Amino acid sequence: MEVALPAGLYGMAVAEPAALDQKLDGNFMYYVEIIRVQFMLWLNYLVTSLLLFQIWKMNEQSAVAECSGRLMLLEVGCVFLFEVRMLVDVRKCFSIMHLLWAAPSPVPAITNSANSFGHRYMSTRSNSPKAGAILAKEPQEESMIFRMYRKVRGGSDNNHGSQWKLDGISRAYRTWCMVTVAIPALVLSIILGYLGGIYIMRSANDGEMLTNTLAVVFVAEIEEFLYAAFTSDAMRYNLENMQPVDIDLTNRQRLAHWFACSILYPAMTMCVAALVVHHARTLDCHDDEWSLKGIMSAAMQFESTS
């Protein structure tokens with residue numbers, strides 16, 4: 001199975017520094033691009049954290065406005081759709097962790113052995129991911145005879161040397177990406193999934209509930225906005241068409257993935273949505289009791305009002 005990095009700011013923060021080549025891209029663009037990627041990444045964390053803090057403050061100043069159960073179906077539906085959106089971000093974070101774990105390790109190309117003059121070769125890597133992130137190695141001009149010879153031998157005229165890949169990233173770089181990209185993004189997604197669900201529940205009316213659902217979804221998509229606005233078309237193409245990581249799966253692992261995506265994730269999302277609704281009503285509606293009779297009466301009240 002071939003798995004690639006998700007297209008977005010998080011995927012760019014992992015793939016681009018690994019592909020940057022100081023000799024090919026140049027010192028200026030090399031350091032500027034590293035600073036730019038880290039600045040955009042931490043700007044995303046800062047803006048998301050500020051909005052999360054504001055959502056928490058608004059949650060502390062409000063309460064569930066409708067404790068009769070008249071809007072229970074709408075509450076469950078809005079919270080469920082929002083948690084589905086947050087599941088996408090959570091899965092994206094676990095996908096980055098999986099790729100960092102499964103990417104091929106550096107392979108020494110030349111061992112430290114003495115030559116005939118007594119000198120030792122320096123150890124290099126045969127699978128280095130550095131291929132140039134901004135500039136690509138342009139093909140040299142070839143004579144007609146050489147091009148005809150290469151075509152007869154089955155050579156290709158395309159230049160595939162600039163394709164991004166994760167092969168050969170070091171253990172230190174994997175740890176850095178795990179600490180600065182995957183784990184912070186996962187933590188922010190979980191916090192937003194909880195605070196956003198409570199924020200939806202504490203809407204003043206049904207119209208405001210729909211608006212608040214769109215508002216918290218907007219917070220979850222800040223990373224995508226920054227990526228689309230401040231990334232060139234060429235670099236987006238390189239990220240979206242980078243070389244995937246080959247992962248060998250047994251039939252048991254394929255069955256586990258099918259079970260998780262088809263059964264476990266939908267069930268977990270519905271349970272999380274129900275728990276958020278129940279938790280919010282427990283905090284604000286002290287006489288609220290969940291029962292089959294109460295849910296049926298809420299459904300009948302919703303149908304009568306609609």
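Since we're looking at a predicted model, the values are computed, not measured.
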Salt bridge (charged side-chain N to carboxylate O under 4.0 Å, His left out) with Glu223: which residues, sequence neighbours excluded? Lys92
Same cluster for Leu283 and Leu71 if Ile/Leu/Val/Met/Phe/Trp/Tyr side chains link at under 4.5 Å? no
Might you point out which heavy atoms bring Pro184 and Met178 nearest each other, and give the distance in Å? CD-O, 4.1 Å
Tell me whether the count of non-hydrogen atoms from other residues, nucleotides or ligands lying under 6.0 Å of CG in Asp248 goes above 12. no
Side chains of Cys261 and Arg91, heavy atoms from C-beta outward: is any pair under 4.5 Å? yes
For Pro266 and Ala260, the nearest pair of non-hydrogen atoms, with its separation, is CD-O, 4.3 Å
Is the shortest heavy-atom distance from the side chain of Val90 to the side chain of Phe94 under 4.5 Å? yes
Measuring only between side-chain heavy atoms, which start at C-beta, is Ser105 closer than 4.5 Å to Arg174? yes
Please report the interatomic distance CG(Leu210) to CD1(Ile200), rounded to the nearest 0.5 Å. 9.5 Å
Pairs involving residues 179-194, ordered by first then second residue, that meet side-chain hydrogen bond (donor to acceptor under 3.5 Å, both in side chains) (sequence neighbours left out): Tyr194-His279
Residues at least two apart in sequence or cross-chain that pass side chain to side chain donor-acceptor pair (under 3.5 Å) with Asp89, listed by chain then number, are Arg85
Please check if Val181 and Ile190 belong to a single hydrophobic cluster, counting links between Ile, Leu, Val, Met, Phe, Trp and Tyr side chain heavy atoms closer than 4.5 Å. yes
Does the side chain of Tyr31 come within less than 4.5 Å of Gln22's, by heavy atoms? yes
Drop me the distance from Cys177's SG to Leu41's CG, to the nearest 0.5 angstrom. 9.5 Å
Note, Ile247 side chain near His98 side chain (heavy atom, < 4.5 Å): yes
Can you check side chain to side chain contact (heavy atoms under 4.5 Å, CB included) on Leu51 and Leu192, steps first, answer last? CA-CA 9 Å; Leu51 293 179; Leu192 179 58; over 6 Å; no
Could you work out, with salt bridge (charged side-chain N to carboxylate O under 4.0 Å, His left out) as the rule, every residue matching Asp233, not counting sequence neighbours? Arg236
Ring pair (Phe, Tyr, Trp, His ring centres under 6.0 Å) contacts in which one or both residues fall within residues 206-234, not counting sequence neighbours: Phe218-Phe225
CE of Met268: more than 12 outside heavy atoms within 6.0 angstrom? no
So, do Leu226 and Ile222 sit near enough that their side-chain heavy atoms are less than 4.5 Å apart? yes
Looking at side-chain heavy atoms only, is the closest gap between Ile169 and Leu100 below 4.5 Å? yes
Is Leu166 close to Val14 at the side-chain level, that is, under 4.5 Å between some pair of heavy atoms? yes
Evaluate the criterion side chain to side chain contact (heavy atoms under 4.5 Å, CB included) for residue pair Val47 and Leu43; output intermediate values, then yes/no. CA-CA 6 Å; Val47 174; Leu43 177 64; 4.0 Å; yes
Please name all residues satisfying side chain to side chain donor-acceptor pair (under 3.5 Å) with Trp258, sequence neighbours left out, ordered by chain then number. Ser262
Sequence-distant partners of Arg202, side chain to side chain donor-acceptor pair (under 3.5 Å), two or more places apart: Asp284
His257 vs Leu249, test: side chain to side chain contact (heavy atoms under 4.5 Å, CB included). Steps then yes/no. CA-CA 10 Å; His257 286 177; Leu249 294 180; 3.9 Å; yes
Calculate, to the nearest 0.5 Å, the distance between atoms CG and OG1 belonging to Leu87 and Thr269 respectively. 4.5 Å
Gln243 side, atom CD; Glu2 side, atom CD - distance, nearest 0.5 Å: 8.5 Å
What are the two closest heavy atoms between Asn44 and Thr48, and how far apart are they? O-OG1, 2.7 Å
Applying salt bridge (charged side-chain N to carboxylate O under 4.0 Å, His left out), which residue pairs with at least one partner in residues 261-279 are found, sequence neighbours left out? none
Which pairs count as ring pair (Phe, Tyr, Trp, His ring centres under 6.0 Å) when at least one residue sits in residues 47-71, sequence neighbours excluded? Phe53-Trp56
Answer with yes or no whether the hydrophobic clustering places Val37 together with Leu99; edges join I, L, V, M, F, W, Y residues whose side-chain heavy atoms lie under 4.5 Å apart. no
Output field: ring centroids Tyr173/Trp176 closer than 6.0 Å: no
Work out which heavy atom in Glu240 is nearest to a heavy atom in Ala7; give both atom names and the distance. CG-CB, 3.7 Å
Could you see if Met270 belongs to whatever hydrophobic cluster contains Met201? Use Ile, Leu, Val, Met, Phe, Trp, Tyr and a side-chain cutoff under 4.5 Å. no
Atom CG in Leu186, atom CD1 in Ile191: separation rounded to 0.5 Å? 10.0 Å
Can you list, pair by pair, the side-chain donor-acceptor contacts under 3.5 Å of residues 73-82, counting residues two or more places apart and other chains?
unit_1, atom_1, unit_2, atom_2, d
Glu75, OE1, Arg281, NE, 3.2
Glu75, OE1, Arg281, NH2, 3.2
Glu75, OE2, Arg281, NH2, 3.4

Specify the closest pair of heavy atoms between Ala4 and Ser95, including all atoms of both residues, with the distance to one decimal. O-OG, 4.5 Å
Under the rule for salt bridge (charged side-chain N to carboxylate O under 4.0 Å, His left out), what residues qualify as partners of Arg36, not counting sequence neighbours? Glu16, Glu33
Qualifying side-chain hydrogen bond (donor to acceptor under 3.5 Å, both in side chains) pairs with a residue from residues 205-217, counting only residues at least two apart or across chains: Tyr199-Asn212, Ser203-Asn212
What are the two closest heavy atoms between Ala102 and Val245, and how far apart are they? O-CG1, 3.8 Å
Is there a chain of hydrophobic side chains (I, L, V, M, F, W, Y, each step under 4.5 Å between heavy atoms) that links Val3 to Met12? yes
Separation between CE of Met97 and CD1 of Ile183, rounded to the nearest 0.5 Å: 5.0 Å
